[in-house]
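Okay, structure first, notes after.
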Amino acid sequence: MTTPDTTRYDFQAIEEKWRTHWLTNKSFKVSTDPGRKKYYLLEMFPYPSGRIHMGHVRNYTIGDVVARYQRMRGMNVIHPMGWDAFGLPAENAAIKHNTHPAKWTFENIDYMKGQLQRMGLSYDWDRELATCTPEYYRWEQLFFTKMYEKGLVYQKVTTVNWCETCQTVLANEQVIDGTCWRCDQPVMPREMNGWFFKITAYADELLADCDRLTGWPEKVLTMQRNWIGKSVGAEINFPLASGAGALTIFTTRPDTVFGATFMSVAPEHPLVVELSRGTGQEAAVREFVERTRQEKQRRKPDEEVEKEGVFTGGYCVNPFTGDKLPVYAANFVLMEYGTGAVMAVPAHDQRDFEFARKYQLPITVVVQPAGEPLDPGTMAAAHEGSGTLVASGSFTSLDSQAAKKAITDHAAKEGFGQGRTTYRLRDWGISRQRYWGAPIPMLYCEQCGVQPVPEKDLPVTLPTDVQFEKSGKSPLHTLESFYRTTCPKCGGEARRETDTMDTFVESSWYFARYACPQFTDGPLEKQAVDYWLPVDQYIGGVEHAILHLLYSRFFTKVLRDLGYLTVDEPFTNLLTQGMVIKDGSKMSKSKGNVVDPNELIDRYGADTVRLFSLFAAPPERDLDWNDQGVEGAYRFLNRIYRFVNDRLATLHAAPTAIPTELNEASRSLHRKTHQTIRKVSGDLDGKFHFNTAISAVMELTNTLFTLTAEETKEAVEPAVARAAVETILILLSPMVPHLTAELWQRIGHGESLDGLPWPAFDPAAAKEEELTIVVQICGKVRSRLAVAPDTDEEQLRALALADDKVQKFMEGKPARKVIVVPNKLINIVV
RNA sequence: GCCCAGGUGGCGGAACUGGUAGACGCAAGGGACUUAAAAUCCCUCGAUGCUUCGCAUUGUGCGGGUUCGAUUCCCGCCCUGGGCACCA
């Protein structure tokens, strides 16, 4: 594997030389420079799990090409890298191997940093940060207390998602199909006290600004819009038939209120028990509530459940009609959404329709679509569309759109309702019952209640002298030296919060800290963040479509409102790259199809690995890893190496100026050179078509080989050959940085390839001398003509009609119509 | 069920705003070099047919349509991947 092979280039020596060169010269260090145009390129930072995997290789290679390309385009490129260093795996590893999470984490960072450097990635390492250091999380704690002051952080006891395996709570976004995003184990509901970020306060803005994110994939925006789930409607109070109080419902269809024939409430609804009292339904209701609660726990994530309910024994009154409506507890009504109660309009809601049929409840049509009148007795399904109102009192004959507003206004005027918008989005629960995270900077005083830790006392440092339990229970909960403290207000005894923050909090603002990672006077240095933000291009996996990307958008808006940032959105353009798969499925240890980047780099070098991961598939698609394909990429680089290295003297001696008079072979190569610059520039400029860009360079290389082969009759002008070689090196340099830098130097350049500007192409040189025009007869290709570019239509028509093959296929029939597309084709219809 | 992507040779993938389908690479086959192998270089490579050095027919998931011309646009369907799924 590592045996010296004289027929292959020595990538090991070359890559080490340039890696060292870039690191010792800090070639990619940047600073704030208002005189220059900035470009912020960011890839999602990794969790230091131990080693780099192929997904990282792909992600960071793509990013590096863009960074290097933009640098060559003259931009002041910030390209930082750091570590998402808090998280459960560190804690679990620590428990298992009897070490400390910090030790484990920093060792992993060390190793992985070495791996990234081996790949030749052009980071400004001076901006490196690790989120588990107090220098980082102290600012996060400051944000927390500032948000608390603004009412954007609050505490509540609620039903949360508990992961038994991870021994902690998860936010809604972190529950995927009913299972934990991290360990795939089922999540259980549990009543708990916890801290919440009021992301719902930004729901409207987060939704509205989706329209401004034109540089994001539509797919991701759709997912975010769905997740936020805005519904505009009304809240209406239905007074209880007996006793005081009312049942408040939320509906998006106030226009159907006259068609309500019963009410449905969630089994957990606080009024359920009260309604049944003294009606003889108590036992039935109790039994139903208990049974649905248990079923809910047992239920599989995507299981379809039959609609079921029980009459509570109570009634309420429709404020519009005065009708007495029975109240049912129903298993499909969610306590967490809206008000936990709905008015049931079976004629116009499919769920209510099914429920009504099952329990023989009346169906009243109040929205009539154009055409056949609806018959409640024979309807097969609810009519959920719009129409004209019928049997709706004074609102009859309005169309449903107008009726929505009229009915809502009426309810508001009469004082039993109002317009309301609800969201599917829930507040972000950030309390984690584990150790390896940023401590929540709050404390509890018997006298003064809940208190934020004052700014002067920050950071609340995570203690390191801790013992871990096998159970995974956080040692902080029982560490007296940590939780015992004094109240900043009264000086009395107080207890610290022992939960830590969700690690998604750290990744919600790291991109801003990169602008000023060493700044100590505050979290963000105004001048630096104002210059560098927003991120111009963000690159990462689509699995964060909601999670990290939504949280980051929220945090950006919060930090803006706290006065730290001036931007509304963190990431202007987003590229979501596909997975790296092997043999048709995701790489996994159990499948035994894992490819280790280290082995690949040992065997072929970083340049080859980079080249193949760019060449094998377009970035947003899944990449099927193929060992033979890697060989192909390696062969290509060897071909270039050999060509240049075998002709060093000639290339060295070649003049740089292209002579004005060139023979055919030289013109041909010169033309191909400029066509390639045109093609590659087009493919890289905001498009990320790395695979076709590489193809184009391969074509140029093939042309160069063919035209300079010994047996050719015409010698290529040395200046032209040299220009072709240099073009190949320059165009390839963002993708294959080590080898191109080396060869550039060997052909006699003093200055480094890194600082070189991207080449411009000469349109005149790129222009073809001769074009092939296809001649079709009735749409079928029958002949080809070689003509000069821009030959006019008349001439093309004449040439085509005079062509031997064309004459043959026309069989003497007259041309009915001749379509001429200049520089492309001629189609003759007979 | 609903909403997005996507379906092109043996494989990964090209094809600009409708204009030569299959660039580039991989695999395969044949040849050159070599004592031999590796490496390298050259040639062939969608399918079918024929009177086989060339030509014809056919071909981009399936069925229609628009057009002089459709992988590309429109309608209907099938399959694969992803997301959402009682959200009132």
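In what follows, every heavy atom counts, from backbone to side chain, and hydrogens, waters and symmetry copies are set aside. So you know, we letter chains A, B, ... as the sequences are listed, proteins then strands, and number each from 1.
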Relative to its sugar, using the 90° cut-off around 0, the base of U52(B) is syn
Inter- and intrachain pairs under side chain to side chain donor-acceptor pair (under 3.5 Å), touching residues 256-272 of chain A, at least two apart: Glu268(A)-Lys296(A)
Closer than 4.0 Å, any side-chain N/O of Lys219(A) to the OP1 or OP2 of A5(B)? no
Side chain to side chain contact (heavy atoms under 4.5 Å, CB included) filter on Phe643(A), not counting sequence neighbours, yields Arg647(A), Leu704(A), Phe705(A), Thr708(A), Val725(A)
I'd like to check the side-chain hydrogen bond (donor to acceptor under 3.5 Å, both in side chains) partners of Thr703(A); sequence neighbours left out, ordered by chain and number. none
Please confirm whether the shortest side-chain N or O distance from Thr222(A) to OP1 or OP2 of C84(B) is below 4.0 Å. no
Phosphate oxygens OP1/OP2 of A14(B): is one of them under 4.0 Å from a side-chain N or O of Arg621(A)? yes
Check whether any side-chain N or O of Arg225(A) sits under 4.0 Å from OP1 or OP2 of G83(B), and answer yes or no. no
All stems with RNA chain B, defined as three or more consecutive Watson-Crick or G-U pairs under 3.5 Å: B:1-7 with B:78-84, B:10-12 with B:24-26, B:28-32 with B:40-44, B:46-50 with B:54-58, B:61-65 with B:73-77
Considering every strand and a 4.0 Å limit on heavy-atom distances, what is the contact class for Pro618(A): base, sugar-phosphate, or nothing? sugar-phosphate
Counting any heavy atom closer than 4.0 Å, what does Val542(A) reach on the DNA or RNA strands: base, sugar-phosphate only, or nothing? nothing
Show the distances under 3.5 angstrom between N or O atoms of the protein and N or O atoms of nucleotides 51-59 of chain B.
unit_1 : atom_1 : unit_2    : atom_2 : d
U57(B) : OP1    : Arg782(A) : NH2    : 3.2
U57(B) : OP2    : Arg782(A) : NH1    : 3.3
U58(B) : OP2    : Lys780(A) : NZ     : 3.3

Please list, by residue number, the residues of residues 675-684 of chain A whose heavy atoms come closer than 4.0 Å to an atom of RNA chain B; answer none if no residue qualifies. none
Kindly write out the residues that satisfy side-chain hydrogen bond (donor to acceptor under 3.5 Å, both in side chains) with Tyr604(A), not counting sequence neighbours, or none if the list is empty. Glu631(A)
Would you list the protein and nucleotides 24-28 of chain B atom pairs, both N or O, that sit under 3.5 Å from each other?
unit_1 : atom_1 : unit_2    : atom_2 : d
G25(B) : OP1    : Asn702(A) : ND2    : 3.3
C26(B) : OP1    : Arg635(A) : NE     : 3.1
C26(B) : OP1    : Arg635(A) : NH2    : 2.7
A27(B) : OP2    : Arg635(A) : NH2    : 3.3

Give every donor-acceptor pair under 3.5 Å between a side-chain atom in residues 791-799 of chain A and any protein atom, sequence neighbours left out.
unit_1    : atom_1 : unit_2    : atom_2 : d
Thr791(A) : OG1    : Ala788(A) : O      : 2.5
Asp792(A) : OD1    : Glu794(A) : N      : 3.1
Asp792(A) : OD1    : Gln795(A) : N      : 3.1

Sorted by chain and number, sequence neighbours left out, side chain to side chain contact (heavy atoms under 4.5 Å, CB included) with Lys687(A) holds for His689(A)
Pick base, sugar-phosphate or nothing for Val821(A), based on heavy-atom distances below 4.0 Å to the nucleic acid. base
Can you sort out the partners of Phe690(A) under side chain to side chain contact (heavy atoms under 4.5 Å, CB included), two or more places apart, ordered by chain and number? Ile62(A), Val65(A), Val66(A), Leu614(A), Pro619(A), Leu684(A), Phe688(A)
Can you name the side-chain hydrogen bond (donor to acceptor under 3.5 Å, both in side chains) partners of Asn691(A), sequence neighbours left out? none
Which is true for Gln776(A) with a 4.0 Å heavy-atom rule: it touches a base, it touches only sugar-phosphate, or it touches nothing? base
